[in-house]
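Inspection log for the structure reproduced underneath, given as C-alpha cells.
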Amino acid sequence: MIDIRLLREDFNTTKTALQRRGVETADIDRLVFLDEKHRRFTARRDQLRSEIKKLSAQISALRRSDKGETVDQLTAKSKSLSNEEKAVSAQAESVNSELRSLLLILPNLPDPDCPDGLTAESNVIIRSYPTRLPEYPLHQRVPHWDIGKELDILDMERGAKLSGSMFPLYKGMGAALVRALTSFALDLHADTFTEIQPPTLVRTQTMMGSGHLPKFSDEAYQVERDDLWAIPTAEVPLTSMFADEILEQSDLPILLTAHTPCFRREAGAAGSKTRGLLRLHEFNKVELFGYVTQDQAADVHSDMLRRAEELCKKLGLSYRVLDLCAGDMGLSAKRTYDVEVYAPGCDQWLEVSSVSWCGDYQARRANIRYRSADRVNQFVHTLNGSALAWPRIWAALVETYRLEDGSVEIPQCLQHYMRGVGRITK
RNA sequence: GGAGGGAUGCGAGAGUGGCCGAAUCGGGCGGUCUCGAAAACCGCUGUGUUGAAAGACACCGUGGGUUCAAAUCCCACUCCCUCCGCCA
C-alpha cells in the first residue's frame, strides 16, 4: 500500500498520480476524510489512556497509606474514564478498519515516466526483436493445439477429463520440453539469483503481502478447509519470505529465482483467446525476484527485463517489449514492462513475462525493512518478473519450429536438457 | 491424529497484578588505554503511531476477556520443540 502521509502532505501530486491509475476522486476524498477522523479519535483515546495511567499510579500509592475513601473516589473516576476510553477506542478501530480496507485495494503510484492511459491500447511498444516480423511459411502457420495432437505431446482432452478445461496435460517429449525450459532458465539465472523452491499453498496473510488479496480473491483458488490459497505466481511466497523482518543494507540486493506451478481461476475467460495453451488455470513459470534499496531498483529492473528477453532470443522466438501505461499495470506496480512472443500458428502475440518494479508498496504491506547505513529503518523495494511463463513459450516454440514434414525441431540450447533429442516426430 | 513443554528486545534469558518498555549476560556501536591489536573499564544500543516540539500512546506469539491498573490472571487460536501414531 501507499503511505497515507503522501495524501496528507502532498495531496495534489498524489491525487493526480492516483487518477492516472483510474482511481475515483470520491475514493481519494474519502481516504483523506477517514485519515483525519482516525487521528482525531486516536488522539482522544491516547489522552484518556494517559489520564487513566496517572490515576492508577495514584491509587497504587494511596493504597499503601490506606486512605480508603480517596481511593474509592479515584477508582470511580478512573472507571468512568475507562468506559469512555473503550467507546472512543471502538470508534477509532472502526474508522481504522475502513481506512485500511480502502488502502489495501488502492493501487501503487505510477512512475512519472510511465505512459499515460487507462487501457491496454495505451501501452507503448518500445522495441521488437527482430525489428521486423519475419515471413512465416505455411507449415509454421499451424496452431499448437493441432501440433500437440498430431505429435501426441499435448492432450487437452485428458487434462479436461481430470480437472476441467484449461488444465493442460503434456505428454512424452511435450512434457520433457517444459522440464527442459525450466532447467535451462534456472541454470541461466543461477549466476546471480538464488534458487528457491517455496510452498505453493499459502496463508491469507501471504497473499495480502504481494497485493493479490483482498482485491482479487475471485482470481485465486482457495483451500477453504485449511484457510490456504494456491499461489497465482511465485511472486506471492517470494514477497512474504522476509515479511516482518529488518534486513541489513549489506544484505541487499537479495535476488531470488523460483520455479513453481501457478494457479489462476481466470473467472469469465472464454473464447478464442483461451484455446490450447493460451490461457490456463494451471501453468509453470520461472520467476525472478529482487529485494533492493531504492538506488538499486532501476538496475535490477533492467537486468530482469534483459534476462526475459535473452531467453526469448536464445530460444529463437520473435518478441516485443511493451511499456505498460499507468492504468494497465497490476495493483502493486510502479512501472511494468511486458514481453510478448509471436506465435505464428495462432497468429498472436502472447504475453510471456511481466517485469515490475513495485517500489515500497509490497514492502509496506508485508512490513519488510532494511537498516540503512545511517541506522534508519526503511522499506525495501521489490521487483519481480517472469523468465518465463512456459505454456505460451511452448506454444510459440512448436509453431515456430514446425518443419514441412510436421515434425518440430528442438532449439540447440534445449537439446542438452532433452537427452540430446533434436526433433520431435510422430 | 494423541500426550506434554514452550513463545519476552539483535541473541540467550529473568520477570506471575501497580514507576516493567522490561533485570542480567552476550553481540553491535562509540570512547579510555595502546605504536597497533587483544584484554580490561566507561557509555550508547527494540519497533511504531501522533505531534512543530516537549511529550503522549501502542507493542512481551495472535485475538478476545477480567481489573481503577495486565508481559503477569482467564478463554480461544497460531507457531515451535519432545514423545507416540500415521505416512511419500
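Every chain is numbered from 1, with letters handed out A, B, ... down the list of sequences. Values below: all heavy atoms of this structure, side chains included; hydrogens, waters and symmetry mates excluded.
A donor-acceptor contact closer than 3.5 angstrom links the side chains of Ser354(A) and Asp338(A). For Ser89(A) and Glu85(A), the side-chain atoms include at least one donor-acceptor pair closer than 3.5 Å.
Remark: Leu55(A) CG to Lys53(A) NZ distance equals 13.0 Å, nearest 0.5 Å.
At least one donor-acceptor pair closer than 3.5 Å links the side chain of Trp394(A) to the backbone N or O of Gly174(A). For Thr42(A) (side chain) and Arg39(A) (main-chain N/O), a donor-acceptor pair under 3.5 Å exists by modelled atom type. For Glu282(A) (side chain) and Phe167(A) (main-chain N/O), no donor-acceptor pair under 3.5 Å exists by modelled atom type. The backbone N or O of Glu287(A) lies less than 3.5 Å from a partner atom in the side chain of Thr257(A), making a donor-acceptor pair.
Comparing rG4(B) with rU49(B), their C1' atoms sit 41 Å apart, to the nearest whole Å. The separation of rC59(B) from rA54(B), taken at their P atoms, amounts to 23 Å, rounded to a whole angstrom. For the P atoms, the distance linking rC87(B) with rG5(B) amounts to 28 Å, nearest Å. For rG51(B) and rC42(B), the P atoms lie 41 Å apart once the distance is rounded to whole Å. Rounded to whole Å, the C1' atom of rU16(B) lies 25 Å from the corresponding atom of rG11(B). For rG21(B) and rG46(B), the C1' atoms lie 9 Å apart once the distance is rounded to whole Å. Between rG61(B) and rU72(B), the distance separating the two P atoms is 8 Å to the nearest Å. A gap of 34 Å separates the P atoms of rU24(B) and rC35(B), to the nearest Å.
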Between the protein and nucleotides 64-74 of chain B, list the N/O to N/O atom pairs that are separated by less than 3.5 angstrom.
{"unit_1": "rC68(B)", "atom_1": "OP2", "unit_2": "Lys79(A)", "atom_2": "NZ", "d": "3.0"}
{"unit_1": "rC68(B)", "atom_1": "O2'", "unit_2": "Ser78(A)", "atom_2": "OG", "d": "2.1"}
{"unit_1": "rC68(B)", "atom_1": "N4", "unit_2": "Arg63(A)", "atom_2": "NH1", "d": "3.2"}
{"unit_1": "rA69(B)", "atom_1": "OP1", "unit_2": "Ser82(A)", "atom_2": "OG", "d": "3.1"}
{"unit_1": "rA69(B)", "atom_1": "O4'", "unit_2": "Ser56(A)", "atom_2": "OG", "d": "3.0"}

What does the list of N/O pairs under 3.5 Å between the protein and nucleotides 7-12 of chain B look like, with a distance for each?
none

Polar atom pairs (N or O), protein with nucleotides 85-88 of chain B, under 3.5 Å:
none

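Salt bridge annotation for Arg307(A)-Asp191(A): present, with a cationic side-chain nitrogen under 4.0 angstrom from a carboxylate oxygen. In this structure, Arg5(A) does not pair ionically with Asp35(A), as no charged nitrogen and carboxylate oxygen lie closer than 4.0 Å. Using a 4.0 Å cut-off between charged side-chain N and carboxylate O, Glu98(A) and Lys37(A) make no salt bridge.
Every residue two or more places apart in sequence or in another chain that forms a side chain to side chain donor-acceptor pair (under 3.5 Å) with Arg369(A) is listed here: Asn367(A). Scanning for salt bridge (charged side-chain N to carboxylate O under 4.0 Å, His left out) contacts around Arg264(A) gives an empty result, with sequence neighbours left out. Every salt bridge (charged side-chain N to carboxylate O under 4.0 Å, His left out) that Glu340(A) has, sequence neighbours left out, goes to Arg320(A). Contacts of Glu84(A) classified as side chain to side chain donor-acceptor pair (under 3.5 Å), with partners at least two apart in sequence or in another chain: Arg44(A). Residues forming a side chain to side chain donor-acceptor pair (under 3.5 Å) with His381(A) (at least two apart in sequence, or on another chain): Trp357(A). Residues satisfying the side chain to side chain donor-acceptor pair (under 3.5 Å) test with Arg20(A), not counting sequence neighbours, are Asp116(A).
Contacts with RNA chain B (heavy atom under 4.0 Å) in residues 90-109 of chain A: none are found.
Remark: Arg203(A) is not in phosphate contact with rU78(B), judged by side-chain N or O atoms under 4.0 Å from OP1 or OP2.
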Quiz prompt | Pair pattern of RNA chain B in dot-bracket, where unpaired bases get dots and | marks partners in another strand, Watson-Crick or G-U under 3.5 angstrom | solution = ((((((((.[[[..)..(.....]]]((((((.......))))))(((((....))))).[[[[[..)....]]]]])))))))....
Quiz prompt | Evaluation steps, salt bridge (charged side-chain N to carboxylate O under 4.0 Å, His left out), between Lys314(A) and Glu310(A) | solution = CA-CA 6 Å; Lys314(A) 289 200 156 142; Glu310(A) 188 189 0; 3.0 Å; yes
Practice problem: Check step by step if salt bridge (charged side-chain N to carboxylate O under 4.0 Å, His left out) holds for Asp27(A) and Arg30(A). | Solution: CA-CA 5 Å; Asp27(A) 289 337; Arg30(A) 181 81 186 150; over 6 Å; no
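Residues Glu245(A) and Met241(A) share a closest heavy-atom pair of OE2-O, 3.7 Å.
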Quiz item: Taking protein heavy atoms under 4.0 Å as touching, what does nucleotides 48-58 of chain B look like 5' to 3' if B marks base contact, S marks sugar-phosphate-only contact and - marks none?
Solution: SSSS----SSS
